[in-house]
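Working notes, structure below.
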Number of protein chains: 2
Amino acid sequence: MNDPQAAAGKATGLTFSNLDPQKQRRVLDESYREFAERGYNQASINRIVGRLDIAKGSLFQYFGSKEGLFKHLFRRAVDEIKTPLRAIRDADTAEAFPQRLKRVFAASAAFAKAHPFLWGIYRRMLTQEDFPLRATLLSEVRAEALTFFRELIELGQQQGFVRAELDPATAAFIIEATLDRALTAQDSPVLDAGLGLSSDPHTRQARLDALAEALCQGFSIPEAHKGDCNA
Amino acid sequence: MNDPQAAAGKATGLTFSNLDPQKQRRVLDESYREFAERGYNQASINRIVGRLDIAKGSLFQYFGSKEGLFKHLFRRAVDEIKTPLRAIRDADTAEAFPQRLKRVFAASAAFAKAHPFLWGIYRRMLTQEDFPLRATLLSEVRAEALTFFRELIELGQQQGFVRAELDPATAAFIIEATLDRALTAQDSPVLDAGLGLSSDPHTRQARLDALAEALCQGFSIPEAHKGDCNA
DNA sequence: CGCAGAAATGACCGGGTGGTCATTCCTATG
DNA sequence: CATAGGAATGACCACCCGGTCATTTCTGCG
């Protein structure tokens, strides 16, 4: 009769997937938006069902709880996103360090612009401790990002572009911090502080390039590759 | 009779300042802590008065509203903090660029550790749009920080330590981003990602130095000052 | 048509929130 | 001691929250 195990978990497990796919999308999109705009705690189930014009009970029948909804949403998003992100990462592996760095910067910025809700949730997760799955997900994502940048630096060192005495982990940290800040600034004028990252796409692109260039020149072996960074 | 203007504003204006200074401190400290730990929206007046063991009505008599309390708190904190921060900034102006950069990194980290509540609120403000005064305060603070780093770079260029073709604004952005990330990581293991910034003070200090060094070497004129950065 | 099972509904619940205010308490002064 | 005025109180308010569930509506099949 009573099954305490089932309290937080599957609920029905089927209802939602039986729905008209178009309705599924609408529900997912609207919930997404709410979490991205308000964060986990400030997000309101009432507001979501209000905008969707469905009964509150339905949402709970689909996902069991607020946390269930969020987890479903996020797991799905992460899966959907993994492929394109890996594509960015693994593109042009053979390319020289400076070009690759710039490309990664540009692609990341484009990605953040293209998936504002996912990016919004990620950004909120970074500084708002109360998200479900925060620890798990964040350490996964960040570890992957830092590993990627570290490998990029190491490859640059093998190619002879990057100074050999530079600690890859330290450099990766700096790159990641700069990129993250730049992406954050591009949709938040307050953080931009006059650099121009949040203005029109043209200037934004230029500023982003300048950042990648400055980093690249900073890490480069000066005598060997003068001027290679602004190719 | 009715004065809509007075709704959000001064309330009594005097009650709180008439209080026993010791009680004033207790009230301020506890409120501080609540906002720092939970952010503005999640902070609870009920919890504050509960911990202080005073009546809820009293808090509202002192500050008029939750927003009033927060504003009072923050204005006061900013004032209290300005002096020591300027001191860090203006110390050893004559010192060479690498040493100055390291010193600023170390001092900032120490400051964040020494004022965890203020630092917590600032960090939350960066990514949680719903704080009162957010726009005003944030742009003020960030502008000041970026200006400081820009001037530091420019001075470094005059001293001949920093490459002349480096754009000061871009470099300042990178420095600020790195420093901010490092300070954030030092009390949040999830963000550290194996670098060691959130472990014991010794390693933390070493990692922080490594970051400053890497930045410094990146910006330096290579031939002229080899090795100057790890003085 | 009848009917079964899935899906949808929204009134309702307990609890927490920021905020109010009539009342009581405290203390300093005449 | 009486009293005036500031300080303290906590019951109370309207509102919103996440969550429940008995009931109704829909839909497809025999």
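Side chains are part of it too, since the values below use all heavy atoms of this structure and drop only hydrogens, waters and symmetry mates. Every chain is numbered from 1, with letters handed out A, B, ... down the list of sequences.
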Interatomic distance where [atom1] belongs to [X] and [atom2] belongs to [N] [whole Å]:
| X | N | atom1 | atom2 | result |
| --- | --- | --- | --- | --- |
| N41(A) | dT17(C) | CG | C1' | 13 Å |
| Q24(B) | dA7(D) | CD | C1' | 13 Å |
| L59(B) | dA8(D) | CG | P | 11 Å |
| F63(B) | dT20(C) | CZ | C1' | 18 Å |
| I54(B) | dC25(C) | CD1 | P | 19 Å |
| D20(B) | dC26(C) | CG | P | 16 Å |
| F16(A) | dA6(C) | CZ | C1' | 16 Å |

What's the closest nucleotide to the side chain of [X] if the choices are [options]?
| X | options | answer |
| --- | --- | --- |
| K66(A) | dT9(C), dG19(D), dA8(D) | dG19(D) |
| F60(A) | dT9(C), dG19(D), dC17(D) | dG19(D) |
| T15(B) | dA8(C), dA7(D), dT9(D) | dA7(D) |
| R47(B) | dG19(D), dT17(C), dG18(D) | dT17(C) |

Does S58(A) or A43(A) map to a spot on DNA chain D nearer the 5' end, using the closest nucleotide for each? A43(A)
Under-4.0 Å side-chain N/O to phosphate OP1/OP2 contact, [X] with [N]:
| X | N | answer |
| --- | --- | --- |
| N18(A) | dA6(C) | no |
| N46(B) | dT17(C) | yes |
| Y62(B) | dA8(D) | yes |
| K56(A) | dC13(C) | no |

Determine, for Y40(A) and K66(A), whether the Lys NZ or Arg CZ falls below 6.0 Å from the six-membered ring centre while staying within 45 degrees of the axis. yes
Could you tell me which non-hydrogen atom of A109(A) sits nearest to which non-hydrogen atom of L208(A), and how far apart they are? CB-CD2, 3.3 Å
Report the relative orientation of the aromatic rings in F63(A) and F16(A); use parallel for angles under 30°, tilted for 30 to 60°, perpendicular for over 60°. tilted
Please state whether the rings of W119(A) and Y122(A) are parallel, tilted or perpendicular, taking 30° and 60° as the class boundaries. tilted
For the pair E67(A) and K71(A), find out whether any cationic side-chain nitrogen is under 4.0 Å from an anionic carboxylate oxygen. yes
